[in-house]
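Just the heavy atoms: all of them, side chains too, but no hydrogens, waters or symmetry mates, feed the values below. Note on naming: letters A, B, ... go to the chains in the order of the sequence lines (proteins, then strands), and numbering restarts at 1 for each one.
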Amino acid sequence: MKLFEFEAKEIIRNYGFSIPESILIKKGDDVEKKIKDSGIEPPLAVKSQVLVAGRGKAGGIKLVKTIEEAIETTKALFETPIKGIKPSYILIEKAIPHEKELYVGLVIDRNDRRPLVLASQYGGIDIEEIARTKPESIIRYPIDPFVGLRSYEARLIGKRIGVVGKALGSFERFLLTLYKAFIEYDAELAESNPLAYLDDRVLPLDLRITIDDNSLYRHKDFAKTEKERLGENTEYEIKGHELGLAFVELDGDVGILGNGAGLTMTTMDLVYGFGGKPANFLDMGGGADAEHVKRCVSFLLQYPKAKKIFINMFGGITRADEVAKGIIMALNETGIKKPVVIRLTGTNEEEGRKILEEAGIEVFNDPIEAAKVVVSR
Amino acid sequence: MKLFEFEAKEIIRNYGFSIPESILIKKGDDVEKKIKDSGIEPPLAVKSQVLVAGRGKAGGIKLVKTIEEAIETTKALFETPIKGIKPSYILIEKAIPHEKELYVGLVIDRNDRRPLVLASQYGGIDIEEIARTKPESIIRYPIDPFVGLRSYEARLIGKRIGVVGKALGSFERFLLTLYKAFIEYDAELAESNPLAYLDDRVLPLDLRITIDDNSLYRHKDFAKTEKERLGENTEYEIKGHELGLAFVELDGDVGILGNGAGLTMTTMDLVYGFGGKPANFLDMGGGADAEHVKRCVSFLLQYPKAKKIFINMFGGITRADEVAKGIIMALNETGIKKPVVIRLTGTNEEEGRKILEEAGIEVFNDPIEAAKVVVSR
Amino acid sequence: MTILVDEKTRVIVQGITGNEGSFHTKRMLEYGTKIVAGVTPGKGGTKIFDIPVYDTVDEAKREHPEADTSIIFVPARFATDAVYEAIDSGLKLVVVITEHIPIHDSIKFITYARSRGTTIIGPNCPGIISPGKSKIGIMPGNVFLQGNVGIASRSGTLTYEISNVLSKNGIGQSTVIGVGGDPVIGISFTEVMKLYENDPQTKALVLIGEIGGDAEERAAKMVEEKAFTKPVVAFVAGKTAPVGKRMGHAGAIITMGSGSYKDKVETLRSVGIKVAETPFEIPKLVKEVLK
Amino acid sequence: MTILVDEKTRVIVQGITGNEGSFHTKRMLEYGTKIVAGVTPGKGGTKIFDIPVYDTVDEAKREHPEADTSIIFVPARFATDAVYEAIDSGLKLVVVITEHIPIHDSIKFITYARSRGTTIIGPNCPGIISPGKSKIGIMPGNVFLQGNVGIASRSGTLTYEISNVLSKNGIGQSTVIGVGGDPVIGISFTEVMKLYENDPQTKALVLIGEIGGDAEERAAKMVEEKAFTKPVVAFVAGKTAPVGKRMGHAGAIITMGSGSYKDKVETLRSVGIKVAETPFEIPKLVKEVLK
């Protein structure tokens, strides 16, 4: 789960790292009153709180020199979609003049199985772009997860990207604070880009933290912004999320349902291979019962982009008879008629096939054949 | 630094381990009003908050059956010295009927250099006594300081001291909570003795936490009770503490000042060996300057138990001339006359000797000879 | 020979009395897996399918010192603790079926396992099977056939699909490992490949990849550097997956300018690995490389 | 030969520009200790006593790869970090002079040092000296004399006192180690004894103990089990110290029914170790055992 910039900054402020004064405006607030009451003084940065990358280039950050301009810009930004998304929050910060911008981030290194600090003297552009254009500038520093990041290591990393003097102590404190957030919030990613490098300190101009979804049960503080966060998804992705489904919206017209992520992706690939276009990714998961299958199938029946539906199921933990029952229930309950092509094999295949065929639904054993059929319909 | 029982219990309550309802009465409170207003219902345990061991046997814990009795007992306990100390706080807790009492504690194993869980099915008596009478009952379970105590280990320990059923889950939670306190409060010791073993849970009837003095800069929450805590020391120990001196009061009449703990203890031993009795232990530490030496010597001059003073100093980091200067300053500033015997050797010995001899003070080179002289005076 | 598990493997099932644990214990027993004990805290002293249940792995291991492997069906919130318990009891192989374990927990227990010499498969994996010898996982046993092709897969169901089509074409498997769908897993493709390289029974390798991460690229590098010398056939799921969206698995997401289908396939082909367009092409390609 | 340090030892001083650090660096140099670099964050690029100062141990070690030992004068709040830095830079011996380091920090860096093969002396110790060869500590160099008696001590000043009286009686020392006054220390009496046992130059051992803990009892056990076979003379400070009071050092406290003077002396004598009543008896006893 991606945190909003203002949430991420609140975390490091609570950890005692001092960052510029700011105010948060929520959609529906009296913008004028809130800005004036805050006593904040220009110059200011007015920042649209959206979770998409490249916000700056897309016009989501404006520098203003007067309070009047700040009010105007805030109102305008609420109405400005950034990559299709209108913000629910605007963050207004004291603008800090600076010349140099650094990059610093923490990720999990999949191969090393440990936290990895990434740092570069070139901030303000995507780390991928830095990696492409100035790979030698990127410091990669692995951290022992049991020992944690030590102060001396934070200093060492700062030195290696050219931070010197008083600012080095500030960089050290910032990186230790970021690491603390990374660990305590079970983050997959915690990065500041750009990190302003001033004479005597560093300042995170932007700050992004992504919490590992599997650990959300340990971090319930962000429930209040869940609705706004979901605003980043499409209408049907939000509905899917609310139903607890692993659903991703795509641009085609073939509704896809599989059991297991690999098989579901392969099903998409097969459809695509025969000239069809998947309308979505939907994985029913392992061990789905009839009730859960019904939920998935009903969802696709109601999902307007899916003009036809391809269900590809290889029984293992999941039983074919449960899937068959779920499909019948969904068709009956919704009453929606769409072409549905079903491939069923594996555990309890015979029972499943029987249930479907008795209801007059054709069942394939070979997924290639089924894919061809669904594309042709 | 030893925490009071009520402070230790507050910690684990804040960590979410549920313990019986209680109220804390401070000396000077309106006892009657406070107890009646609290709404707490008998039976109650009224517990004198003193830091000495063996409080129960010494009459510091009383069980009462009515509110009136609680009020009376509380008032009485405030006036009852426990091993010489009158309490500043009384803790009144709901009394929980129970049959079995366990012991569980966490210490640092000096030899293994790691936290060690000690647990026994026999609680309510000193762990030293358990160790003497039922050594086989004590479970010793070392913890990797980087990995920490795991839930399964807490359960394993509980099982080994005979905890079963629902109470085992409670024991697991309690021990994990105690370990958390042990780590987060940099404790040398965290123990519950007795830990009541009820049908469905365990409850710490007593709880003791001792914080490592070296880590107190990380734990400033206990400053408010510092004065009451010091009440456990003698008047001069409190004064010494306030001056930042490593001072321990003893029963003899020879004031002792050395540099280094080992040498200072050995100085005490020498005095004792020649029939004298040390009035104190006072270590000026390493690298003391004249100012600090003056503080130490002045303190002993004003300390009434010390009828004479023995200063034993082996110069290493500490310079003999600084020590000599400090002694002269103390004698001049206090104007107090007591027999002072000085042994001075090591770094800058000659300069030191000269300073003292010019002031008419005899200086010994041989500590044995000096010890004999101080005892004879 | 096979890798990691065979007919001599003796298994403890952690979480044996739960829904999933008991269901799959039954199926593993039916397959012939030697399960010697089960563990569920609070259920010690009972039996299930005639297998003794203990409160702790420590006790299970004491009563059954021959146990060398554990399979974990414990729910995510308690699974991390169960893994430490298995490692501390000295088991050599721990198969973590549980999904949704926080990644910071995984990196720690995997690091810890390595320091103790324990191999972790998973988390969020279907397990491991050496057909005809031992099945320690949740895969349907009937789709596998004993033989000489090793399989390493990031996917679950897709592995069954591919094993099934291989078996139907008469191509048996030495060992099939589902390494798991999480971004961080105990045993990686390259580590599995080291084992297959040294296994005389294994004559070829089928690698079932997915978008996201760089496991496939690392496998290719190993082939390039001749650290793996047996023929390899690969398949990568997610050809048509969009960028930046998580496709079910936490691990299957194209991010940070890496992990795309195209890059993976190109890298694999560049070192001479045959890449199948669909799972159903795999038997033909395997037959070719085994010729 | 001596143990742990000799004329080949090359030293980095951490905290070299501080009060204590610079004072003792000067005295170590005067003694002949080979100090190759100093470290103080923020002072990199400067020099002190002609010794180059670096911001990090990493840089110092890169410029002076021959460095194998560090001595730490960093204040307690930063000392833990300095120890990790020394260990991570691959130094083999780290002498921690700093006192007042929290014990939970010490147990962790000592555990970590062991896993990396680094020996820690201290914290809260006077250091180590092999007379005539190298002094890495804060002891006054002039009280030591090169010879064949090894010393291990829990005390600081008392060690100088005893070394002084030995030297004056013509009894020289191979190596003198102050293991430190904290309850938890990097190298213990028994670990030092293992080294002395294998050092041909060392013919006898003087053990300077204190009340508190069980270091003396463990030393006695080692003698009893013949894991240490050279003659031992011991002294224990704190004969007249009261129970339950901390005597200066955090380690010197009689608690939990253990650590008393009487118990220690009895245990030492029971295995044939000569225990001196005062430090000034030690030369006589050493002469006896060396006869």
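- Proximity to chain C is limited to the side chain of A:R218, based on heavy atoms less than 4.5 angstrom apart.
- Heavy-atom contacts from other residues, nucleotides or ligands closer than 6.0 Å to NZ of C:K274 number 12 or fewer.
- Between chain A and the options C:E99, C:K108, C:E20, C:H24, the largest number of non-hydrogen pairs under 4.5 Å is found for C:K108.
- Contact count versus chain A (heavy atoms, under 4.5 Å) is highest, among C:V143, C:T278, C:T111, C:V165, for C:T111.
- Heavy atoms closer than 4.5 Å to chain A are found in the side chain of C:S155, but not in its backbone.
- Here the CD atom belonging to C:E161 is positioned 5.5 Å from the CG atom belonging to A:L263, to the nearest 0.5 angstrom.
- From A:D269, atom CG reaches atom CD of C:E277 across 9.5 Å, with rounding to the nearest 0.5 Å.
- Note that OH of C:Y160 and OG1 of A:T318 are 8.0 Å apart. Values are rounded to the nearest 0.5 Å.
- Residue A:T267 holds its OG1 atom at 8.5 Å from CG of C:L158, rounded to the nearest 0.5 Å.
- Residue C:F280 touches chain A through its side chain alone, counting heavy-atom pairs closer than 4.5 Å.
- A donor-acceptor contact shorter than 3.5 Å is absent between the side chain of C:T157 and the backbone of A:F314.
- Minimum heavy-atom separation, C:A237 to A:G262: CB-O, 3.8 Å.
- Put simply, of C:G186, C:P126, C:G141, the one with the most heavy-atom pairs under 4.5 Å next to chain A is C:G186.
- Inter-residue side-chain proximity for C:V184 and A:R114 is flagged as unmet; no heavy-atom pair is nearer than 4.5 Å.
- Near-neighbour residues of residues 179-187 of chain A relative to chain C, defined by a heavy atom under 4.5 Å from a heavy atom of that chain, comprise A:F182, A:I183, A:D186, A:A187.
- To the nearest 0.5 Å, atoms CG (A:N214) and NE2 (C:H104) are separated by 11.5 Å.
- Considering only heavy-atom pairs separated by less than 4.5 Å from chain A, the leading option among C:N142, C:I208, C:D105 is C:D105.
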Without placing hydrogens or testing angles, list every side-chain donor-acceptor pair under 3.5 Å for residues 270-279 of chain A, not counting sequence neighbours.
none

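- Among the candidates C:D214, C:T240, C:I138, the residue making the largest number of heavy-atom pairs closer than 4.5 Å to chain A is C:T240.
- The shortest side-chain heavy-atom distance between A:T264 and C:M247 does not fall under the 4.5 Å cut-off.
- In this structure, A:R113 and C:S188 have side chains that are in contact, with non-hydrogen atoms separated by less than 4.5 Å.
- The two residues A:D212 and C:I101 have their closest heavy-atom pair at OD2-O, 4.4 Å.
- At a heavy-atom cut-off of under 4.5 Å, chain C is reached by A:P145, A:F146 from residues 138-149 of chain A, listed in order of number.
- With rounding to the nearest 0.5 angstrom, the CZ atom of A:R110 is 13.5 Å from the CD1 atom of C:I107.
- At least one side-chain heavy atom of C:R27 sits less than 4.5 Å from a side-chain heavy atom of A:T347.
- Within the 4.5 Å cutoff, side-chain heavy atoms of C:P279 are placed close to those of A:T266.
- The ring-ring contact (aromatic ring centres under 6.0 Å, His included) check on C:Y112 picks up C:Y84, with sequence neighbours excluded.
- Only the side chain of C:I110 comes within contact range of chain A, with heavy atoms under 4.5 Å apart.
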